[in-house]
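Note that the structure is predicted; figures quoted are calculated from it, not measured. Here is the naming used below: chain letters follow the sequence lines, and residue numbers restart at 1 for every chain.
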Amino acid sequence: MIEKNYQPADIEARMSLVWEDSRAFKAGRPDRRDASPFTIVIPPPNVTGSLHMGHALNNTLQDILCRFERMRGRDVLWQPGTDHAGIATQMVVERQLMERQQPSRREMGREKFLERVWQWKAESGDTIINQLKRLGASCDWSRERFTMDEGLSRAVVKVFVELHRDGLIYKDKRLVNWDPKLLTAISDLEVQQVEVKGSLWYLRYPIEGKTFSPDDPASFIVVATTRPETMLGDTGVAVHPDDERYRKLVGKHVILPLVGRKIPIVADEYSDPEKGSGAVKVTPAHDFNDFDVGKRHGLRQISVLDREGRLDLVGNEDYLHALPEGAAQFAEEFQGAERFAARKRIVERLQDFGFVERIEPHTHMVPHGDRSGVVIEPYLTDQWYVDAKTLARPAIAAVRSGETTFVPKNWEKTYFDWMENIQPWCISRQLWWGHQIPAWYGPDGKVFVAETEEEAVSHALGYYVEQEVITEEQGREMALDRGKREGFITRDEDVLDTWFSSALWPFSTLGWPDDTPEVKRHYPTDVLVTGFDIIFFWVARMMMMGLHFMKEVPFSTVYIHALVRDEKGAKMSKSKGNVIDPLNLIDEYGADALRFTLAAMAAQGRDIKLATSRVEGYRNFATKLWNACRFAEMNNCAVPENFEPAKAKETLNRWIAHETAHTAREVSEAIEAYRFNDAASAIYRFVWNVYCDWYVELAKPVLLGEDGPARAETRTMVAWARDEILKLLHPFMPFITEELWEVTAKREGLLALASWPLKPEPTAEQLAMIAAAMPNDGFIAPVVLPMFDHSDFSDPAAEAEIGWVIDLVTAIRSVRAEMNIPPATLTALVLAGAAAETKARAPRWTDVIKRMARLSDISFAERAPDGAVQLLVRGEVAALPLKGVVDFAAEHARLDKEIGKADADIKRAEAKLANEKFVANAAEEVVEEEREKREAAMARKAKLLEALERLKQAG
RNA sequence: GGGCACGUAGCUCAGCGGGAGAGCACUACCUUGACAUGGUAGGGGUCACAGGUUCGAUCCCUGUCGUGCCCA
């Protein structure tokens, strides 16, 4: 029995359990051993995160693909899991410690802190998984993985060691994006450029050998800068080589104000004569461009800030090198000043001495950390880098050759642009939560990289024994006793960028580096579904790592879906706090409604601005389906065993079979092409506007009428079409369809595992295989054919007949509404001058037409009765004898309007046909079509004129 | 500054070389035996603007204006 009301919450809770208990989504089911695999790896959400709209969309689309392919008989593996999200998770836990006024991370130490994070993960790690289950995600939950699992960690270490061995990972001292709040390096991608209204300071740098005076322009050179506080680390001034103004100064020196350092004026094309004063100060240790300029001219790199962005001058040998008397005192004074406070104080001090020429308002882009939100400091440190340029080469080639394709295709350009200009990837993070880098250092700083500590230590000790730093005896002792080697060999403290482990996801989750059956069967995966915002972070890196370690692309298709934005069109993000909670929508309208909405709005290449009214509308759609199924149940509709819809005899039933097959094809093709919105609208239209609005209504007289073969067949077909609907809708609305599947009939299994209405067309490869297996006589073995179901129940005759009924009913309803005839008033219908076909058809549909068009009677006549309202239905006159009921003038006007329309159609067609160029150039079908249109319009006009004439005679 | 999108009905969006579509909202009518979370009918758009290609342009090309995003 179907409950009277559709209550999504109940159904969804129940069906989740049904699926879980039956292990419906488990990959590698024995009965599908011979099926072709279909694999998707989930973009792993942050382990401690919670479901947001982006997840909801992303996972809905993946689930549609998985459920679709599962129903098509494939062995589906949707590999789930979560990401440890280094910085994000560490921040959450640290914030928690602070809120609870517990000891800070540094106070408790690394080991205790990590315990604490694991504890937090244990507490909240299930949240996102449970939310994905609420959404209906049909992942193989038994295979859930976590990026810091033992197995995945092993993969990370192996990858690091091998890339290091191959020279593709190396340590380098260069400028990195340093986050002075989180105290870690971050990659270029984690930096966001933010437009900031700041100032441009014009500073006077005195020229060596001249007496500085603010009034004597010859005594100084003006440099323009947005960061005056870094002037303490200046080691040069650059001017453009072609800049006439400064040509004579190149090669001379300036004396750095406040500091007294003597620094050269160099010619470098980096300096833009149009910008500022045309001369720039060069601070190689605090600016990426200056770093390069400095390298070109052999300038020193002087870091004047510490890790937290405070001035660090006292005892700073680089800074103090070769400075005159008094430098130490200045250093004392400014020591420890926070960078923005320092800026203010230094500018003031410069002003005191007349070194500031002017200050202009200036808007420019300033790098910010995407997590911390603070201004990033270019900082000179040792970090680990991946040689991305080398790894990118095959990854670019694979997309060029089409081994991997992006859908929509235009994202390939974005991918290429980035990959072709890729920079070394900084992978070390000064954090604790993550995969600790497998590198150990000796007392001289020499690095030993190995998969295990034992291996690294034994290498190191061997080396130092050989170098005679320690004796063999000492080496043996240190090897055996950790305490003995403490302080001699130390492990790198840093962890890896979270995206380093994510990059391995498509194979690490399958068991690599072990040689598992899953790796063999499911790599490469079929499709990756993700948002464009992580093409660089993730997709590109999976391509690089996948190709390097597996020698094959990780996925053949990358489907890039829209971003769900907030009402202003801004990207939703946790840090901005503008997230709409999909769980609220699920609570209110149900997961099925939310899923359908997202699918229906997932048009390629367009972002989604979610409107609640749409979700409500699709909830109503679910209710509609619910009630249609109740109707079928109330009429005892059921499908007998071994029923073959193709053998249906009733026209109406042949028609619905035809329409169902047509829809099945539309839905299948749309999903195959990742056109989720087309698939959704095709099934929506079919359920509501075909099945409910017409089929069920047209079937009612038969269902409510006498018992007999027609009634039996119709009952069967109502149920059959319902079942087909449940299947076609299942990928979009899994809960309600599974529930209805279960309660509407005795079933052999779950809908999730039922077979899809249409079997897939044979692929080119399959056809080739078949051909290869065939003898050369051109025959296809009959045993092969049943694999493919080409039947579309095509029935043009049924389509024509039902089409006529629909047109007739619609025309009558329309004119009744126009003439304000109340529904309670039944009218008669006279089919005037009907052709034999119509005369044969009409009696078959008397009950239906009477019921739907509110008629008292249907009859035939040679001509329409006097004063009747005359309608044109498929070229014939249908007359409603309403003399006295309708206004003569109104009917006259209505006919005039119709004639006007026909005239316009005729004119348009004639104009085209009169155009010689059109007839000569347009496709033959188009011309023919135009002729048909003209004929049809002319016939229509003639009938209408006749009708008008009859009206006039009557009036 | 470079790149990628997008400007279609009041709103949210499909369509994309041969007569403008959906959902929501709106109007009128309807307690018809699955469903008022419903039914029936209807109003509403020089498809941003200007050129060009074409027999024909909402659709292709160019430019302008406007909006959004990405990268410097």
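The CE-P distance, from A:Met365 to B:C71, rounds to 9 Å in whole Å. Atom CG of A:Asp272 and atom C1' of B:G1 are 12 Å apart (whole Å). In this entry the distance linking CG of A:Leu880 with P of B:A41 reads 15 Å, nearest Å. Note: CG (A:Asp370) to P (B:C70) measures 12 Å, nearest angstrom. Counting to the nearest Å, the C1' atom of B:A5 and the NZ atom of A:Lys409 are 18 Å from each other. Between the OH atom of A:Tyr270 and the P atom of B:A72 there is a distance of 15 Å, given to the nearest Å. The interatomic distance linking A:Asn689 (CG) with B:U40 (C1') rounds to 13 Å, in whole Å. The nearest whole Å value for the distance from the CZ atom in A:Phe537 to the P atom in B:C70 is 11 Å.
Taking only side-chain atoms of A:Asn410, from C-beta outward, the nucleotide of B:G3, B:A5, B:U40 with the closest atom is B:A5.
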In dot-bracket notation, what is the pairing pattern of RNA chain B, taking Watson-Crick (N1-N3 plus N6-O4 or O6-N4) and G-U wobble (N1-O2 and O6-N3) contacts under 3.5 Å, with [ ] crossing and | for other strands? ((((((((.[[[[.)..(..]]]].(((((.......))))).....[[[[[..)....]]]]]))))))).
Taking it one step at a time, do A:Trp411 and A:Phe406 satisfy ring-ring contact (aromatic ring centres under 6.0 Å, His included)? CA-CA 6 Å; A:Trp411 289 109; A:Phe406 280 69; 8.4 Å; no
Would you check, one step at a time, whether the test salt bridge (Lys or Arg N to Asp or Glu O under 4.0 Å) holds for A:Glu697 with A:Arg851? CA-CA 9 Å; A:Glu697 293 302 324; A:Arg851 182 190 139 83; 3.1 Å; yes
Take A:Asp847 and A:Lys850 through the salt bridge (Lys or Arg N to Asp or Glu O under 4.0 Å) test and state the conclusion after the steps. CA-CA 5 Å; A:Asp847 287 348; A:Lys850 281 168 75 174; 5.5 Å; no
When you look at A:Glu928 and A:Arg931, which way does the salt bridge (Lys or Arg N to Asp or Glu O under 4.0 Å) test go after all the steps? CA-CA 5 Å; A:Glu928 187 50 39; A:Arg931 288 202 186 97; 3.3 Å; yes
Nucleotide-resolved protein contact map, nucleotides 29-38 of chain B, B/S/- at heavy-atom distance under 4.0 Å: SS--BBB-BS
Treat primed atoms plus P, OP1 and OP2 as sugar-phosphate and everything else as base, then score nucleotides 12-21 of chain B 5' to 3': B for base contact with protein heavy atoms under 4.0 Å, S for sugar-phosphate contact only, - for none. BSSS--BB--
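Between the side chain of A:Ser856 and the backbone N or O of A:Thr827 there is at least one donor-acceptor pair closer than 3.5 Å.
Of the residues near RNA chain B, A:Asp188 and A:Trp694, the one whose nearest nucleotide (by heavy atom distance) lies more toward the 5' end is A:Trp694. Of the two residues contacting RNA chain B, namely A:Ser613 and A:Asp417, the nearest-nucleotide position lying further toward the 5' end is that of A:Asp417.
The closest side-chain donor-acceptor pair between A:Glu616 and A:Ser613, if any, does not fall under 3.5 angstrom. In this structure, a donor-acceptor pair under 3.5 Å is absent between the side chains of A:Asn689 and A:Tyr684.
Remark: the separation of the C1' atoms in B:A22 and B:U8 is 13 Å, to the nearest Å.
Counting heavy atoms of neighbouring residues, nucleotides and ligands inside a 6.0 Å radius, atom CD of A:Glu706 does not exceed 12 of them.
For the pairing with A:Glu412, the side chain to side chain contact (heavy atoms under 4.5 Å, CB included) check across A:Val407, A:Ile560, A:Asp417, A:Thr405 returns one residue only, A:Thr405.
In this structure, A:Ser814 reaches the B:G42 phosphate: one of its side-chain N or O atoms is under 4.0 Å from OP1 or OP2.
Cation-pi geometry between A:Arg400 and A:Phe416 is met: the NZ or CZ atom falls under 6.0 Å from the ring centre, inside 45° of the normal.
Looking at heavy atoms from C-beta onward, A:Glu659 lies out of side-chain contact with A:Tyr691 at the 4.5 angstrom threshold.
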